[in-house]
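If you read the sequence from its start, that first residue is 1, and numbering goes on from there.
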Amino acid sequence: MQSHPKTSTMNLHRLVAGAAAFGIALSGLHAQKIADTVVKKDGSRERGVEVTAFTLTGIKTKKGAEEREIPPHQVADIEWSDLPETFVSGRTAMARGDFDSARQLFGEAANQATRPVLKTEAKFLQCRAAVASAATSKQAAADAAGATRAWLSESADNWRVPEGMLLLGRALRLAGTGADAETALKELDDRASRDGWSPVWAARAKFELALAQVDQNKGGDARSSFQSASSAADLALGTPSGDDAELKQIKIQGRVGEGETFLAEKDFGRAAEFFRGLANSGQAELVAAGRAGEGEARYQMAVASKNLDEFRAAQIALAHASVLDHTSGEASAKANYYLGMCLLALAGRDDDSSKARANAYFTLVIKAYPTSRWAVAAKAELAKG
């Protein structure tokens, strides 16, 4: 039976309309795939947005017809949708302290990502992981510095630029090129002031600068930089922000760093006296750090003098630090590392289990404080067998 022309035309229109509606539905489903979450430092979250661009002035997002720009100093992190599996695995590796695996995984994620902002983010995280994994290899650190320079060149307007500059300075320090590290970190400090970046960046730059100066045996310069870092952190704390917890730690670690310059100069007696002063200062946040520093100084004195009583005194101070640390864990990480070092030094004097117990301390540091610099030192001790 032959269809009427008018009926055929109507059916065609219905098919076209149906196909169009189906296409719109598919388009809607595709649009819903991107549902990023911007995590803010105050704990709030902006959910279901699409991060569309990064700039030094803000993270640009879109939700429906609404477009927004969130200032970088308000942002703690971004939880991405439509992530490559390698990106997720990279974050997991980073969290457990397997930085070399994280570096490789983020590199793969950068190649797999289809969104430009996500590709740039993966490349940045690859740089962060590369610097973290390079703590024991000057060549790896030099390679990480090169990769970070390349990222900064490609992403000059990215909200991560301040951290990229900090990472560059750190990588140059680890590579043994202290003068270049100082130049990079002073530039970060200058830009933080000149461009009105969050005050935390000036404090971070000054602290990292002090570490670079310690590595170059510039004790006096390093003490001055540590003091400047503490002062910058204290000043920034005058205005409440989402960085207050870190600023408090920089303030504490700046004071600790002053004492560590005496250790670097092998003035162990003066270092022990300085750290005892911190422990007895009456400031609760400095007690554990002071005891850990005193323990480190007494350990160094014991190694130099071969005095068994000094080792015992070091162990007591370090044990107190481990128990008293209720803040960042930095004092505990240092204390447990040096408790292990004391046991290694006493191996053969006490009993045959000293080395095994020392390795247990090193393992604890690596597992409990994977991002601490003491975890790097603990890994180096375990690698000696």
Side-chain angles (χ1 to χ4, degrees), residues 27-133 148 151-152 154-155 157-164 166-167 197-198 200-201 204 241-247 249 328-329 369-371:
S27 175
L29 285 172
H30 176 71
Q32 290 170 10
K33 285 182 181 178
I34 297 180
D36 304 322
T37 298
V38 178
V39 183
K40 294 187 175 181
K41 290 180 179 177
D42 63 5
S44 64
R45 294 168 178 261
E46 295 208 6
R47 304 176 189 273
V49 301
E50 178 184 354
V51 174
T52 57
F54 290 140
T55 69
L56 275 169
T57 59
I59 293 172
K60 296 183 179 180
T61 67
K62 183 172 67 173
K63 188 173 185 178
E66 182 184 5
E67 295 184 357
R68 294 193 60 194
E69 184 172 275
I70 306 171
H73 69 269
Q74 294 182 7
V75 179
D77 199 5
I78 298 169
E79 295 176 355
W80 299 90
S81 63
D82 69 329
L83 280 174
E85 182 59 33
T86 47
F87 194 107
V88 178
S89 298
R91 288 193 305 199
T92 302
M94 198 75 177
R96 69 170 181 264
D98 187 356
F99 304 124
D100 193 54
S101 293
R103 176 185 60 79
Q104 296 177 53
L105 287 163
F106 283 127
E108 292 175 27
N111 291 330
Q112 294 166 359
T114 55
R115 294 170 61 189
V117 285
L118 189 53
K119 186 179 289 289
T120 301
E121 180 79 343
K123 287 182 178 179
F124 170 78
L125 293 175
Q126 184 184 22
C127 291
R128 184 192 279 175
V131 175
S133 70
T148 306
W151 183 88
L152 285 166
E154 295 169 2
S155 312
D157 191 40
N158 192 284
W159 76 295
R160 300 277 201 188
V161 161
E163 186 178 352
L166 185 72
L167 290 173
W197 293 346
S198 174
V200 72
W201 290 112
R204 287 167 175 161
S241 74
D243 297 311
D244 281 2
E246 183 182 357
L247 287 165
Q249 283 308 307
S328 69
Y369 314 102
T371 60

Colleague: For residues 111-119, dump all side-chain donor-acceptor pairs below 3.5 Å to protein atoms at least two apart in sequence or in another chain.
Modeller:
{"unit_1": "Asn111", "atom_1": "ND2", "unit_2": "Gly107", "atom_2": "O", "d": "3.4"}
{"unit_1": "Gln112", "atom_1": "OE1", "unit_2": "Thr86", "atom_2": "OG1", "d": "2.7"}
{"unit_1": "Arg115", "atom_1": "NH1", "unit_2": "Asp36", "atom_2": "OD1", "d": "3.2"}
{"unit_1": "Arg115", "atom_1": "NH1", "unit_2": "Asp36", "atom_2": "OD2", "d": "3.4"}
{"unit_1": "Arg115", "atom_1": "NH1", "unit_2": "Asp82", "atom_2": "OD1", "d": "3.1"}
{"unit_1": "Arg115", "atom_1": "NH2", "unit_2": "Asp36", "atom_2": "OD2", "d": "2.8"}
{"unit_1": "Arg115", "atom_1": "NH2", "unit_2": "Val51", "atom_2": "O", "d": "3.0"}
{"unit_1": "Lys119", "atom_1": "NZ", "unit_2": "Ala110", "atom_2": "O", "d": "2.7"}
{"unit_1": "Lys119", "atom_1": "NZ", "unit_2": "Ala113", "atom_2": "O", "d": "3.2"}

Colleague: Do you know the tightest heavy-atom contact between Gly329 and Tyr369?
Modeller: O-CE2, 3.6 Å
Colleague: Verify, without hydrogens or angle tests, whether Ser133 (side chain) and Ala130 (backbone) share a donor-acceptor contact under 3.5 angstrom.
Modeller: yes
Colleague: Got a sec, which residues hit side chain to side chain donor-acceptor pair (under 3.5 Å) with Glu121, two or more places apart in sequence or on another chain?
Modeller: Arg160
Colleague: With the side chain counted from C-beta on, respond yes when Ile34 and Trp80 share a heavy-atom pair under 4.5 Å apart, and no when they do not.
Modeller: no
Colleague: Show me the donor-acceptor pairs, under 3.5 Å and distance only, between side chains in residues 57-65 and residues at least two apart or in other chains.
Modeller:
{"unit_1": "Thr57", "atom_1": "OG1", "unit_2": "Thr55", "atom_2": "OG1", "d": "3.0"}
{"unit_1": "Thr57", "atom_1": "OG1", "unit_2": "Glu69", "atom_2": "OE2", "d": "3.4"}
{"unit_1": "Lys63", "atom_1": "NZ", "unit_2": "Arg47", "atom_2": "O", "d": "3.2"}

Colleague: Compile the donor-acceptor pairs under 3.5 Å between side chains in residues 89-97 and protein atoms, sequence neighbours left out, one pair per line.
Modeller:
{"unit_1": "Ser89", "atom_1": "OG", "unit_2": "Glu85", "atom_2": "O", "d": "3.1"}
{"unit_1": "Thr92", "atom_1": "OG1", "unit_2": "Val88", "atom_2": "O", "d": "3.1"}
{"unit_1": "Arg96", "atom_1": "NH2", "unit_2": "Asp98", "atom_2": "OD2", "d": "3.4"}

Colleague: Taking side chain to side chain donor-acceptor pair (under 3.5 Å) as the test, write out the residues that go with Asp42, two or more places apart.
Modeller: Ser44
Colleague: What I want to find out is whether Arg204 reaches Glu163 closely enough, with some N-O distance under 4.0 Å, to be called a salt bridge.
Modeller: no
Colleague: Please list, chain by chain and in numerical order, all residues satisfying side chain to side chain donor-acceptor pair (under 3.5 Å) with Glu46, sequence neighbours excluded.
Modeller: Lys40, Arg68
Colleague: Partners of Ser198 by side-chain contact (heavy atoms from CB on, under 4.5 Å), sequence neighbours excluded?
Modeller: His73, Val200, Trp201, Asp243
Colleague: To the nearest 0.5 angstrom, please state how far the CD atom of Gln126 sits from the CD atom of Gln104.
Modeller: 9.5 Å
Colleague: Determine which pairs satisfy salt bridge (Lys or Arg N to Asp or Glu O under 4.0 Å) with at least one residue from residues 104-114, sequence neighbours left out, and list them in order.
Modeller: none
Colleague: Rounded to the nearest 0.5 Å, how far does CG of Asn158 lie from CG of Leu56?
Modeller: 7.5 Å
Colleague: Quick one: list whatever passes salt bridge (Lys or Arg N to Asp or Glu O under 4.0 Å) with Asp244, sequence neighbours left out.
Modeller: none
Colleague: Do you know which two heavy atoms are closest between Pro84 and Ala109, and how far apart they sit?
Modeller: CG-O, 4.2 Å
Colleague: Can you list the residues that meet the salt bridge (Lys or Arg N to Asp or Glu O under 4.0 Å) rule with Glu154, with sequence neighbours excluded?
Modeller: Lys123
Colleague: What is the distance from atom CG of Leu167 to atom CZ of Phe124, rounded to the nearest 0.5 Å?
Modeller: 5.0 Å
Colleague: Taking all non-hydrogen atoms of both residues into account, name the closest pair between Thr37 and Gly48 and its distance.
Modeller: OG1-N, 4.4 Å
Colleague: Using the six-membered ring wherever Trp is involved, compare the ring planes of Trp159 and Phe54 and label them parallel, tilted or perpendicular (cut-offs 30° and 60°).
Modeller: tilted
Colleague: List for me each residue that meets ring-ring contact (aromatic ring centres under 6.0 Å, His included) alongside Trp197, sequence neighbours excluded, and say none if there are none.
Modeller: none
Colleague: Taking only residues two or more places apart in sequence, or in another chain, which ones meet Gln74 in a side chain to side chain donor-acceptor pair (under 3.5 Å)?
Modeller: none
